[in-house]
Amino acid sequence: MSEERAKKQRRSPHQTQWAAQFAVASELCKRGYEVAFTMGNHPRVDLMVISPHRETFLVDVKGLYKKNCWLVRKHEIPDKLFYIFAFVPDGDENQFFILTEAQANEGILLDLKKTKARQKQKGLVFDEARYPSSIEWSFALSHKDQWEALPE
């Protein structure tokens, strides 16, 4: 296979998600957290975490290998939920964006408003039920390396 063709091939979403989950787990462990993978047993979260001071919380990991919006559903989980968006590009360093549940929900609502406005400007009817909720890359950027948002 030529190098040009290999570059054009799309990475599997499963490959990206696994790379993201392991990258996040590694970063958390380096910071003194204990991490357990849910291994698909929990539909809403990817990691169960214990902080260095023994506080437990959940992490929903979202992975990208190309800069794009982060597809994410709004959750209402009673436990402490955090989102860690992992940018795991080919041939470059990983980047991490850490959001609380409230921050993620704010990003989802902001994207929803922008999407509604774009649809209205085009004269289209916006069907919120069919909207794949997301958080824009630019919104996530303000949360880059915000590890201090996590419980200590």
Closest approach of [X] to [Y] (non-hydrogen atoms, all atoms of both residues):
X	Y	value
Phe97	Ala140	CD2-O, 3.2 Å
Pro132	Leu71	O-CD2, 4.1 Å
Leu47	Ala25	CD1-N, 4.4 Å
Ser134	Asp111	OG-OD2, 2.6 Å
Lys62	Trp70	O-CZ3, 3.4 Å
Ala20	Gly63	CB-CA, 3.6 Å

Separation of [Y] [atom2] from [X] [atom1] (nearest 0.5 Å):
X	Y	atom1	atom2	answer
Ile98	Phe96	CD1	CZ	8.0 Å
Leu58	Phe82	CG	CZ	9.5 Å
Asn105	Ile135	CG	CD1	8.0 Å

Between Val59 and Val35, is there shared hydrophobic-cluster membership here, with clusters defined by ILVMFWY side-chain heavy atoms closer than 4.5 Å?
yes
Group every Ile, Leu, Val, Met, Phe, Trp and Tyr by side-chain heavy-atom contacts under 4.5 Å, then state whether Leu28 and Trp18 land in the same group.
yes
Tabulate below the donor-acceptor pairs under 3.5 Å that side-chain atoms of residues 145-152 make, not counting sequence neighbours, or state none.
from: Gln146; atom 1: NE2; to: Lys144; atom 2: O; distance (Å): 3.4

Give a yes or no answer on whether the side chain of [X] reaches the backbone of [Y] with a donor-acceptor pair at less than 3.5 Å.
X	Y	result
Thr16	Leu64	no
Gln95	Pro89	no
Thr38	Val45	yes

Could you check whether Phe37 and Phe22 have their ring centres less than 6.0 Å apart?
yes
Restricting to side chain to side chain donor-acceptor pair (under 3.5 Å), what partner residues turn up for Lys116, sequence neighbours left out?
Glu128
As a quick check of understanding, evaluate side-chain contact (heavy atoms from CB on, under 4.5 Å) for Glu34 and Val49, giving each step before the final call.
CA-CA 6 Å; Glu34 294 178 35; Val49 183; over 6 Å; no
For the residue pair Met48 and Thr56, establish whether any side-chain heavy-atom pair is separated by less than 4.5 Å.
no
Can you find a heavy atom in the side chain of Gln103 that is under 4.5 Å from one in the side chain of Tyr83?
no
Please assess Trp137 against Asn68 for the test side-chain contact (heavy atoms from CB on, under 4.5 Å), listing each intermediate value before the final yes or no.
CA-CA 6 Å; Trp137 179 269; Asn68 202 344; over 6 Å; no
Audit row: His143, Phe85, side-chain contact (heavy atoms from CB on, under 4.5 Å) steps and yes/no:
CA-CA 9 Å; His143 302 281; Phe85 299 154; over 6 Å; no
